[in-house]
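The block underneath contains the structure these notes are about, expressed in structure tokens.
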Protein chains: 2
Amino acid sequence: MRPPLPADMFDEVCPSSLNPIRFGDKWAALVIRCLEHGPRRFSELRVPLHRVTPKVLTRSLRSLERDGLIRRTAQPPRVEYELTPVGRSLLEPIAVACAWTDRHWDALLDARESYDAAARRATGRIASPSAGSRA
Amino acid sequence: MRPPLPADMFDEVCPSSLNPIRFGDKWAALVIRCLEHGPRRFSELRVPLHRVTPKVLTRSLRSLERDGLIRRTAQPPRVEYELTPVGRSLLEPIAVACAWTDRHWDALLDARESYDAAARRATGRIASPSAGSRA
DNA sequence: CAGCATCCTACCTGATACTG
DNA sequence: CAGTATCAGGTAGGATGCTG
């Protein structure tokens, strides 16, 4: 049998609003990568995605299913999710996005920091929300 | 001089919430593509992006600037926006995303339609928001 | 020309608690 | 196990009108 998904599969700053590249909703790309090596059950997905609530994960899964990117099969009490061919084809753009992020993540962090610092100097300390987590 | 940006540069269903791949906010990818061949002024951008209000376009530009993806230069009354090297590097993932969308757009449309149709049959006609526009 | 101010709506996301 | 229900906050997007 395939190994279970590791709880630390994703960085704790992941997903991130800082990452300009997004696939579907906040968790969609992570879900797709979880399904890369075969079908997974709801509770299996919750291990690496331990920071998402069941409600939100359900909505993300429904949305992916609606778009034909994953398929849900229920033979109670088992429910499994797997990639469709179209969903699997998203792995390539996702990989490209990840590669881009790896190369430019630090530049992005620096740019934001100096922009916000300049804005603070100009306005006398206003706003500037905290950085998010990673994709 | 470079030709002005055509008003019909983007499809009228573009950007789209249907497209699962997004770059920054709703208009960011379009802005970046507008800047591909050199700097553009605010009002130049408004031609192909005629469906975005000035407020929203401004916010999108500020956000891209904050992330170091574009650079804003003002020598009044001229204001120009141009891609930074990091911003330009996004053109490649964007192209990959566009290629993916071209290949799978129809499948996405069909999947949503049949999912919503099945949902209507199951629940007796509830919900199902209209499709969005394209990315 | 290149925005800003104001108001408003919808959606996304999450916390918490509960269930067939 | 695989969700659903409820409540609440924050942000994105847009309409409209005004300005240095």
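Worth knowing before you read on, the calculation uses all heavy atoms, side chains too, and leaves out hydrogens, waters and symmetry mates. The structure displayed is predicted, hence computed values, not measured ones. Below, chains carry the letters A, B, ... as their sequence lines are ordered, and counting in each starts from 1.
Under the 4.5 Å side-chain contact rule for hydrophobic residues, B/L30 and B/M9 share a cluster. Linking Ile, Leu, Val, Met, Phe, Trp and Tyr residues whenever their side-chain heavy atoms come within less than 4.5 Å places B/V31 and B/V56 in a single cluster. When the side chains of ILVMFWY residues are joined at heavy-atom separations under 4.5 Å, either directly or via intervening members, A/Y81 and B/Y115 end up in two distinct hydrophobic clusters. Grouping the Ile, Leu, Val, Met, Phe, Trp and Tyr side chains by contacts below 4.5 angstrom, directly or via other members, places B/I94 apart from A/V96.
Remark: P of C/dA2 and CD1 of B/I70 are 13 Å apart, rounded to the nearest angstrom. With rounding to whole Å, B/Q75 atom CD is found 13 Å from C/dC1 atom C1'. The NE2 atom of B/H50 sits 16 Å away from the C1' atom of D/dG14 (whole-angstrom rounding). The CZ-C1' distance, from A/R78 to D/dG3, rounds to 16 Å in whole Å. A straight line from CG of A/L57 to C1' of C/dC12 spans 15 Å, rounded to a whole angstrom.
Residues passing the salt bridge (charged side-chain N to carboxylate O under 4.0 Å, His left out) test with B/E80, sequence neighbours excluded: B/R78.
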Practice item. Sugar-phosphate means primed atoms, P, OP1 and OP2; the rest is base. With that split, encode nucleotides 13-20 of chain C 5' to 3' as B, S or - using protein heavy atoms under 4.0 Å. Key: BBBB----
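B/R46 comes within 4.0 angstrom of nothing in the nucleic acid, heavy atoms only.
Note on B/Y81: a side-chain N or O is less than 4.0 Å away from OP1 or OP2 of C/dG3.
Under the 4.0 Å criterion applied to side-chain N and carboxylate O atoms, B/R72 and B/E65 are not assigned as salt-bridge partners.
The side-chain contact (heavy atoms from CB on, under 4.5 Å) test with A/L90 singles out one residue from A/L64, A/L69, A/D67, and that residue is A/L69.
Near DNA chain D, defined here as any heavy-atom distance below 4.0 Å, there are no residues from residues 35-45 of chain B.
Taking each heavy atom of B/P54 and B/R46 in turn, the nearest pair found is CD-NH2, 3.4 Å.
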